[in-house]
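What follows is a set of notes on a single structure, which appears directly below.
The structure presented is a predicted model; accordingly, all values stated were derived computationally and were not measured. The sequence lines fix the lettering, A, B, ..., with proteins before strands; numbering per chain opens at 1.
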2 protein chains.
Amino acid sequence: MAKKLTPRPTDSELEILRILWENGASTVKAVNEKLNEKKESGYTTTLKMLQIMYEKNLVVRDENERSHVYKAAIKQDEIQKVLLDKLLTTAFSGSAANLVMQALGNSQPSKEELKKIKELLNQIERDRK
Amino acid sequence: MAKKLTPRPTDSELEILRILWENGASTVKAVNEKLNEKKESGYTTTLKMLQIMYEKNLVVRDENERSHVYKAAIKQDEIQKVLLDKLLTTAFSGSAANLVMQALGNSQPSKEELKKIKELLNQIERDRK
DNA sequence: CATTAACTACGAAACTTTTCGTAAGAGTGT
DNA sequence: ACACTCTTACGAAAAGTTTCGTAGTTAATG
């Protein structure tokens with residue numbers, strides 16, 4: 001049975017994962033074009049990154065076509081959880097409430113978002129009982 | 001005028017900053033001892049880290065005593081904001097509400113914490129009007 | 001005043017991550 | 001078959017981070 005260790009993408013890897021989550025399965029060319037919207041980056045650099053990510057099982061690829069098609073191998077949720085946990089322990093000393101309050105304070109949540117958050121809070125309280 | 005660029009501590013630097021935030025001004029020895037509670041780390045390694053952090057202005061130091069005394073040069077809040085913003089854009093595509101909900105979902109906020117969060121939400125709504 | 005202990009400074013090795021150049025294969029058109 | 005283009009593979013340079021050994025300084029102690 002293959003071991004399943006927590007994925008810890010580096011910053012660059014995360015950038016690429018975001019493109020794959022947003023755009024779905026993509027060729028190296030497509031990923032590279034997206035990357036280049038933000039910053040200059042050579043084609044083979046992107047290729048190499050994807051190859052490394054493939055070795056690390058961060059992505060899967062379909063080699064049937066001449067241009068391989070890459071796809072994120074992990075869900076965005078999972079990485080969000082991993083990174084959130086890490087931030088929580090390293091920068092917030094484990095206090096989720098502090099983290100949440102900072103996040104709310106620093107952002108401009110819409111009315112709908114506020115509502116959804118409140119509902120979640122109510123639900124947590126209900127479940128608690 | 002001195003330039004003020006966003007501090008981006010590395011993981012190890014953040015570990016040391018946490019110790020300084022928690023324990024206040026500390027000698028290399030004290031920091032190293034704290035570090036060693038978690039993992040083996042040579043004295044000169046810690047010293048070097050603090051020296052590098054000093055060059056980067058992540059810490060200040062008092063050289064009056066033979067053992068220099070280091071102190072975090074940035075408030076924990078500031079770093080929290082920087083890292084939260086980064087996480088928000090890189091992993092949550094900018095959706096603070098999603099981040100907040102994940103954080104609430106993954107943690108067990110106490111009754112008091114829930115209350116504080118609700119109050120903050122109410123306040124945001126009030127200010128909105 | 002020599003020895004030892006507690007420090008700092010600093011270069012450089014070891015590791016990790018990112019970037020890129022070059023080679024080679026495969027398909028297309030002449 | 002030849003040249004041209006698009007693509008992958010891969011080694012290795014470049015850049016960034018972490019760890020540590022060694023040398024030198026200061027202060028205290030016999």
Rounded distance (Å) that lies between atom C1' of dT16(C) and atom CD1 of I52(A): 10 Å
Specify the closest pair of heavy atoms between Y70(A) and V28(A), including all atoms of both residues, with the distance to one decimal. CE1-CG2, 3.7 Å
Does anything in residues 64-72 of chain B reach DNA chain C, meaning a heavy atom under 4.0 Å, and if so which residues? R66(B), S67(B), H68(B)
DNA chain D-proximal residues of residues 25-36 of chain A, any heavy atom under 4.0 Å: V28(A), K29(A)
Atom-pair distance (CE on M49(B); P on dC10(C)), nearest Å: 17 Å
Tabulate protein N/O versus nucleotide N/O from nucleotides 20-23 of chain D, keeping only pairs under 3.5 Å, one per line.
residue: dC20(D); atom: OP2; partner: G42(B); partner atom: N; Å: 3.4
residue: dC20(D); atom: OP2; partner: T45(B); partner atom: OG1; Å: 3.3
residue: dG21(D); atom: N7; partner: T44(B); partner atom: OG1; Å: 3.4

Correct closest heavy-atom pair for A103(B) and A96(A) would be O-CB, 4.4 Å
Between atom CG in L50(A) and atom P in dC10(D), what is the gap in whole Å? 15 Å
Residues passing the side-chain hydrogen bond (donor to acceptor under 3.5 Å, both in side chains) test with S41(A), sequence neighbours excluded, are none
Rounded to the Å, how far apart are E63(A) CD and dA9(D) C1'? 12 Å
Interface with DNA chain D, restricted to residues 9-24 of chain B and to heavy atoms under 4.0 Å: T10(B), S12(B)
Is R8(B) near enough to dG16(D) that one of its side-chain N or O atoms lies under 4.0 angstrom from OP1 or OP2? no
If you define the side chain from C-beta out and look only at heavy atoms, does anything of N36(B) sit under 4.5 Å from N32(B)? yes
Can you name the residues that form a side chain to side chain contact (heavy atoms under 4.5 Å, CB included) with S110(B), not counting sequence neighbours? E112(B), E113(B)
Go through the structure and list residues passing side chain to side chain contact (heavy atoms under 4.5 Å, CB included) with L104(A), not counting sequence neighbours. V100(A), P109(A), I117(A), V100(B), I117(B), L120(B), L121(B), I124(B)
Determine whether F92(B) and L84(A) satisfy the following criterion, side-chain contact (heavy atoms from CB on, under 4.5 Å), listing intermediate values before the conclusion. CA-CA 10 Å; F92(B) 286 83; L84(A) 199 47; 4.2 Å; yes
Salt-bridge criterion met for K38(A) and E15(A) (N-O under 4.0 Å): no
Verdict with reasoning, L20(A) to V31(A), per side-chain contact (heavy atoms from CB on, under 4.5 Å): CA-CA 8 Å; L20(A) 294 177; V31(A) 171; 3.9 Å; yes
When you check the phosphate oxygens OP1 and OP2 of dT8(C), does a side-chain N or O of Y43(B) lie under 4.0 Å from one of them? yes
What residues, two or more places apart in sequence or in another chain, satisfy side-chain hydrogen bond (donor to acceptor under 3.5 Å, both in side chains) together with D77(B)? none
Sorted by chain and number, sequence neighbours left out, side chain to side chain contact (heavy atoms under 4.5 Å, CB included) with A30(B) holds for S26(B), T27(B)
Distance in angstrom units between M53(B) CE and dT8(C) P, rounded: 15 Å
Closest approach of Q76(A) to S93(B) (non-hydrogen atoms, all atoms of both residues): NE2-OG, 3.7 Å
Collect all protein-nucleotide pairs involving nucleotides 28-30 of chain C in which both atoms are nitrogen or oxygen and the distance is under 3.5 Å.
none

Looking only at heavy atoms, which two atoms of L58(B) and L17(B) are closest? And how far apart? O-CD2, 3.8 Å
To the nearest angstrom, how far is Q51(A) atom CD from dG11(D) atom C1'? 12 Å
Just jot down the side chain to side chain contact (heavy atoms under 4.5 Å, CB included) partners of N122(B), sequence neighbours excluded, or say none. K118(A), E125(B), R126(B)
side-chain hydrogen bond (donor to acceptor under 3.5 Å, both in side chains) partners of E63(A), counting only residues at least two apart: R61(A)
Considering residues, nucleotides and ligands other than E119(A), do more than 12 of their heavy atoms fall under 6.0 Å from its CD? yes
